[in-house]
Each structure stands twice: as structure tokens, then as C-alpha cells.
Amino acid sequence: QELRLKTQSSTEHCTPMMTEARELTGAALESPGEQRYVKDIMKLLVTTWPLLLGNTLEWYEFGVYGYVEKEIASNFFDSSEVGGWMGYAITFAARPIGGFLLGWIADNWGRKLSVNLSLGGMIIATVGQGLLPGKHFGAEFKTLGLVLLIITRALQGMSAGGEIGAISCYLVEISSIKTLGMSVCMISCGSQIAWAFASAFLAYLSEAIGPEAMLVWGWRIPFVICIFPGLLALWGRKRLQEDEPIDEDSGAARSDASTEAEAGESSSTSTSNTVQDEEPTGCLELITKYWPNLLIGFFGTVATATMWFVPPFWTLTAILEEHLGSSDALWVGNSAQLVGLAITPVAGWLTDKFGVAWTLLVGATFFTFTALPVYVILFQYPGTWTGYVGIGVFYGAAQGFSGAVIYLFVAELFPAKLRCQGIAASYNLAVSYIGGFGSLICTGLFDISPEIAPGAYFSATGLTTVITLLCALFLQRRGSVKLTHRRSTPYFGCSEPADLLAADGQKESGHVAQTKLSGEVEV
């Protein structure tokens with residue numbers, strides 16, 4: 001009877017604690033999707049708006065040049081289409097230089113210094129392009145204008161190359177584990193907004209002032225007005241705080257480092273005359289230890305680089321402008337950016353549910369199978385509806401889906417100490433030489449087989465990324481490569497909520513819930 005009373009008392013005492021433990025577990029698992037997800041995103045936007053605004057200006061400049069390429073070619077390249085797109089490509093040729101230089105500064109001196117330097121360079125380069133003398137304004141200084149155009153384009157490329165790496169790293173490192181996909185996709189939202197605004201603004205401007213005024217001074221306006229948001233973003237960035245980078249294995253790294261330090265102190269006397277081999281650091285470590293990750297980052301970016309810089313711009317001037325006119329073609333380009341903008345947050349949310357590799361693979365597969373048939377239809381039946389459906393819906397959706405997650409995919413490939421340099425040596429190179437020279441490549445292919453070749457090139461770049469992702473997942477399963485350094489799950493496929501809770505152990509509320517839960521279960 002005494003034993004029965006003790007058991008009953010123990011049961012009555014434990015039941016409330018077990019019930020509370022189950023409630024804590026449910027609350028902790030439901031909070032990422034229902035309570036904290038939107039709150040974390042809003043908090044991030046309030047904190048990082050100067051970064052996102054400045055990065056939006058980078059994409060805006062690329063879009064403006066692509067849309068006014070004919071006016072720039074007329075002013076500086078004697079109306080040569082190849083010359084105009086060569087001027088566009090100069091920025092991409094210089095981009096890796098800035099990526100390596102400012103990436104090294106970001107990894108060694110801090111992200112804040114790097115992003116401020118890059119933004120200052122972009123403001124000077126963008127505004128400077130709108131003030132250059134050309135054939136239709138200041139013709140006696142046309143040669144000087146051409147030289148300065150090349151310099152400003154190169155400065156823009158170097159600044160943009162360092163800008164994207166540092167901002168991607170900053171967002172990856174300060175964002176909540178559970179919201180990484182949505183947080184980093186804000187960069188792509190900025191690019192879509194920039195290109196949509198650029199195309200809409202230029203469409204209205206060209207209708208208002210006419211083609212002759214556009215040749216003389218109209219094309220300069222979108223460049224010059226960048227000074228106002230640029231200075232605002234620069235002011236905001238000076239108020240940012242430099243955060244310590246966080247990796248998923250950072251705690252283990254610090255623990256290992258402290259253990260090695262203690263061991264070194266205890267054995268310093270006996271090893272004072274011993275020469276020890278030093279492991280490579282910096283760029284040498286990146287090349288020798290992470291070369292598979294560099295290849296995965298480069299070829300994984302090929303499809304996105306093409307989607308961004310070729311179909312929404314080159315197809316307008318090569319196919320649609322002749323049939324629709326400049327203004328209507330710009331509106332078609334605008335529709336692609338609006339569709340991409342609508343798709344991007346959806347892709348970010350799916351990334352947080354199913355993983356960055358899964359989302360990127362879906363986008364690249366979609367582009368692979370639709371790029372060629374859409375192009376063939378555009379070429380055979382150029383018109384308003386084919387333009388809006390083909391470029392606006394299909395190319396816009398592919399651009400928004402894959403472009404939303406490419407920064408997170410590449411940033412995950414490298415540890416924090418090498419992340420900016422890794423992005424420079426993989427993502428920046430692909431964007432520079434695949435995306436930047438894509439219009440020149442398609443111009444050459446158009447002369448060979450205008451009805452098929454450019455579209456086949458589009459699909460081939462999509463297939464390249466699909467094959468790269470499948471190979472990377474195979475190598476990861478064999479243990480030959482590590483693809484994640486910030487969030488290991490979800491990566492490819494849906495993860496259990498418990499996995500997400502454990503992965504977010506760094507976050508204060510998740511940590512408190514887990515600690516309280518484990519303590520009560522033990523009791």
C-alpha cells in the first residue's frame with residue numbers, strides 16, 4: 001500500500017511536467033514557421049536596408065546599360081552592336097579582379113569596410129557614365145569619352161565584384177538558420193526591383209522625349225540620378241555593426257583551437273627546436289583544399305548567369321525591337337522582372353523548406369527544358385503576346401527561381417574565413433565570363449543559326465548546372481566534398497522540424513526552449 005501511494009504521488013507529480021514538456025516541444029517546433037519566421041525577416045530588413053539598397057544600385061546599372069545599349073553604341077562605338085556589347089562585357093571582365101581584392105579585404109579586414117568601398121566605387125562609376133562626352137553631345141571630346149567609358153565600366157565591374165560577395169556573406173552570417181533562404185533571396189528581390197524600375201523608367205522616358213533626345217541626353221538620366229539613393233545607402237552603411245562570422249561548426253573550431261593552444265603551451269619547451277609544417281592559408285588554402293567547391297560553385301552558377309544577363313536583354317534588341325519598337329520591347333523586359341520578383345520570395349521560402357540545392361535544381365531543370373522551345377517560338381512568331389509569355393512568364397520565372405538562391409548555394413560551399421574569396425573565384429567568374437559575354441556569344445550564334453543556336457545555348461547552360469548539382473550531391477554522399485558550412489539541413493529535400501530546431505541552437509529562444517525541455521525531462 002505504501003509503494004502504491006508513492007507511485008501514485010510520483011505519477012501525479014510527473015504528469016504536469018511531461019505535459020509542459022510536450023507543449024514546449026510543440027511550441028519550439030511550430031515557432032519557425034508560424035511565429036518567428038516573418039519576424040526574423042522583418043528584423044533583418046530593418047537592419048540591412050543600406051546593404052540591400054546599395055546592392056540594388058549595382059543591378060540597376062547593369063540593367064540600364066543593357067536597355068540603352070543602342071544609344072551607347074551610337075555615341076561611343078559608331079553604332080556597332082558588337083562594340084556596344086563589348087562595352088557591357090568590360091564590366092564583367094573586371095569583375096573578378098574586384099571580387100578577389102575586395103573579397104580579401106572582407107575576409108581579413110571585415111565585411112563593413114569592403115561593402116563601403118564597393119559602394120563608393122559604384123556611385124562614381126555609375127554617375128560618371130552619364131556625364132561623358134559622346135558623338136551626339138561634346139563630339140570634339142568623343143575619344144576622351146570612350147576612354148573614360150572604359151575606365152568607368154571597369155571601375156563598376158571591380159566594385160560590383162566585391163560588393164556581391166561581401167553582402168552575401170554578411171546576410172548568410174547574421175541571418176537565422178531557419179530563414180537563410182528567404183533572407184539571402186532579398187538580394188535577388190533587389191535585382192528584380194532594379195531591373196523592373198529601369199525598364200519602366202526608360203519606357204516612359206523614351207515615349208516622353210522621343211528617340212532623338214534619347215540619343216543625345218535621355219540615356220544619361222538614369223545613370224546620373226543614382227547619386228541620390230547611392231549617398232543614402234552609403235550613409236546607412238556607416239551605421240552598420242560588424243558581426244563575427246558564424247559557421248555551423250564554429251563552436252567545434254573554437255574548441256579545437258583552444259585545445260591546441262593549451263597543448264602548445266604545455267609542450268612549448270620540448271618543441272622549441274622543432275620545425276613544424278604550416279598548413280596553407282588564404283588563397284592557397286582555397287585552391288588546394290576547396291578546389292572541388294570552386295568548380296561546383298562556378299558550374300552551378302552557369303545557368304543563373306545566363307538567365308540574368310542574356311534572355312531579358314539580348315532577345316529584346318535582337319528579335320523584338322524590330323517588330324515592336326523600343327518602348328514596347330522595354331515593357332516586355334519589364335514583365336520578365338516583375339514575374340521574377342513575384343517568384344523570388346516563393347523560391348526563398350521553398351529553400352527554407354526543401355533546401356537550396358533542391359530549389360536550384362528545380363529552377364535549372366525548368367530552364368533546360370523550356371529555354372530552346374520558347375526561343376524558337378519567339379523567333380518564328382515575334383510579337384506582343386509571344387514576347388510577354390515567352391520572355392515575361394517563362395524566362396522571368398526561371399530567372400526568379402534560380403536567381404533567388406544562387407548566393408546562398410555558393411556561400412554555403414566555403415567556411416567563413418574564405419567565403420568572400422571563394423565567391424569571387426567561383427560565382428564571380430561564372431557571372432563575368434558566362435553571363436557578361438553571353439550576349440556576344442549569342443550574337444555570334446545568331447549569325448550562324450538565328451532560329452535555333454541561341455536557344456540551344458540557353459538550354460545547354462541550364463543542363464550544365466543540372467549535371468553539376470547531381471555530381472555535387474553524389475560526391476557529398478560519398479563523403480568526398482562538404483557542401484554546407486552554415487546550414488546542413490535542409491539542403492536537398494525536406495527535413496524534420498527537430499533537425500531545424502537543433503540546427504538553430506545558436507539562436508537565443510531556440511536554445512532556451514531546448515535547455516528547459518531537456519532539464520524537465522531529466523527531472
### Task
Tell me, with the steps shown, if W104 and S114 meet side-chain hydrogen bond (donor to acceptor under 3.5 Å, both in side chains).
CA-CA 9 Å; W104 180 86; S114 178; over 6 Å; no
### Message
Test side chain to side chain contact (heavy atoms under 4.5 Å, CB included) on C185 and M182; report intermediate values, then the result.
### Response
CA-CA 5 Å; C185 87; M182 184 64 77; 3.8 Å; yes
### Task
Apply the test side chain to side chain contact (heavy atoms under 4.5 Å, CB included) to residues T465 and T368: give CA-CA distance (whole Å), side-chain angles for both, the deciding distance (0.1 Å), then the verdict.
CA-CA 9 Å; T465 293; T368 300; over 6 Å; no
#### Entry: Check against side chain to side chain contact (heavy atoms under 4.5 Å, CB included), F409 and L469
CA-CA 10 Å; F409 173 77; L469 289 171; 3.5 Å; yes
### Task
Could you check R419 against E173 for salt bridge (Lys or Arg N to Asp or Glu O under 4.0 Å), going step by step and ending with a plain yes or no?
CA-CA 10 Å; R419 189 164 287 145; E173 290 157 6; 2.9 Å; yes
### Task
Let me see the working for L146 and K142 under side chain to side chain contact (heavy atoms under 4.5 Å, CB included), right down to the final yes or no.
CA-CA 6 Å; L146 176 59; K142 177 186 172 183; 5.8 Å; no
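Looking at residues two or more places apart in sequence or on another chain, you find no side chain to side chain donor-acceptor pair (under 3.5 Å) involving W349. Partners of F401 according to the ring-ring contact (aromatic ring centres under 6.0 Å, His included) rule, which considers only residues two or more places apart in sequence or in another chain, do not exist here. Applying the side chain to side chain donor-acceptor pair (under 3.5 Å) rule to N75 yields no partners; only residues at least two apart in sequence or on another chain are considered. Not counting sequence neighbours, the partners of E163 by the salt bridge (charged side-chain N to carboxylate O under 4.0 Å, His left out) test are R237. Looking at residues two or more places apart in sequence or on another chain, you find no ring-ring contact (aromatic ring centres under 6.0 Å, His included) involving F77. Shown here are the side chain to side chain donor-acceptor pair (under 3.5 Å) partners of S439, two or more places apart in sequence or in another chain: there are none. Under the salt bridge (charged side-chain N to carboxylate O under 4.0 Å, His left out) criterion, K135 pairs with no residue at all, not counting sequence neighbours. Taking the ring-ring contact (aromatic ring centres under 6.0 Å, His included) definition, one finds that Y65 meets it with Y88, sequence neighbours left out. Every residue two or more places apart in sequence or in another chain was checked for a salt bridge (charged side-chain N to carboxylate O under 4.0 Å, His left out) with E412, and none qualifies. The salt bridge (charged side-chain N to carboxylate O under 4.0 Å, His left out) test applied to E58 returns R95, not counting sequence neighbours.
One finds the OG1 atom of T143 at 11.0 Å from the CZ atom of F76 (value rounded to the nearest 0.5 Å). With rounding to the nearest 0.5 Å, the separation of CG in L57 from CD in Q156 is 9.5 Å. In this structure, I187 CD1 and T48 OG1 are separated by 9.0 Å, a value rounded to the nearest 0.5 Å. To the nearest 0.5 Å, atom OG1 of residue T56 and atom CD of residue Q192 are 10.5 Å apart. The CG atom of N428 lies 8.0 Å from the CD1 atom of I164; values are rounded to the nearest 0.5 Å. Between E69 atom CD and L316 atom CG the span is 11.5 Å, to the nearest 0.5 Å.
Looking only at side-chain heavy atoms (C-beta outward), K70 and E81 stay at 4.5 Å or farther from each other. Contact of the P490 side chain with the K353 side chain is not registered, since no non-hydrogen atoms from C-beta on lie closer than 4.5 Å. Taking the side chain as every heavy atom from C-beta outward, L429 and Y433 approach each other to under 4.5 Å. Annotation: side chain of F367 is not in contact with side chain of S402 (no heavy-atom distance under 4.5 Å). A heavy-atom distance below 4.5 Å is found between the side chains of L149 and I72. Counting heavy atoms from C-beta on, the side chains of T304 and T461 never come closer than 4.5 Å. Between L205 and M214, the closest side-chain pair of non-hydrogen atoms falls below 4.5 Å. Taking the side chain as every heavy atom from C-beta outward, N334 and L330 never approach each other to under 4.5 Å.
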Please tabulate, one pair per line, all N/O donor-acceptor pairs under 3.5 Å involving side-chain atoms of residues 219-230, not counting sequence neighbours.
unit_1: W219; atom_1: NE1; unit_2: L215; atom_2: O; d: 3.3
unit_1: R220; atom_1: NE; unit_2: V216; atom_2: O; d: 3.2
unit_1: R220; atom_1: NH1; unit_2: G130; atom_2: O; d: 3.3
unit_1: R220; atom_1: NH1; unit_2: L132; atom_2: O; d: 2.4
unit_1: R220; atom_1: NH2; unit_2: L132; atom_2: O; d: 2.9

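A centroid separation of less than 6.0 Å is found between the aromatic rings of W195 and F313. Between Y204 and W331, the gap from one ring centroid to the other is short of 6.0 Å. The distance between the ring centers of Y407 and Y427 falls below 6.0 angstrom.
Ring pair F366/F394 is parallel by interplanar angle, where below 30° counts as parallel and above 60° as perpendicular.
When every heavy atom of D107 is checked against every heavy atom of A416, the shortest pair comes out as OD1-O, 3.6 Å. Taking every heavy atom of both residues into account, G400 and T344 meet most closely at O-OG1, 3.5 Å. Heavy-atom minimum distance, L294 versus A425: CD2-CB, 3.7 Å. For S183 against I41, the heavy-atom pair with the smallest separation is OG-CD1, 3.5 Å. Annotation for A397 and I343: closest pair O-CG2, 3.9 Å, computed over non-hydrogen atoms. The shortest heavy-atom contact between A89 and L440 is CB-CD1, 4.2 Å.
A ring-ring contact (aromatic ring centres under 6.0 Å, His included) with F92 is found for one member of F62, F437, W85 and no other, namely F62.
Side-chain contact of S191 with W308: a donor-acceptor pair under 3.5 Å is absent, judged by distance alone. Between the side chains of Q337 and S199, no donor-acceptor pair of N or O atoms lies under 3.5 Å. Side chain to side chain, E61 and Q129 meet the donor-acceptor criterion of an N or O pair below 3.5 Å. A side-chain N or O of E207 and one of S327 form a donor-acceptor pair less than 3.5 Å apart. Residues T351 and T359 bring a donor and an acceptor atom of their side chains to less than 3.5 Å of each other.
At distances below 3.5 Å, not a single donor-acceptor pair connects side-chain atoms of T179 with backbone N or O atoms of S175. In terms of modelled atom types and a separation under 3.5 Å, the side chain of N293 and the main chain of K482 share a donor-acceptor contact.
Residue pairs meeting the ring-ring contact (aromatic ring centres under 6.0 Å, His included) criterion with at least one partner in residues 115-137, sequence neighbours excluded, are absent.
Heavy atoms from other residues, nucleotides or ligands lying under 6.0 Å from CZ of F299 number 12 at most.
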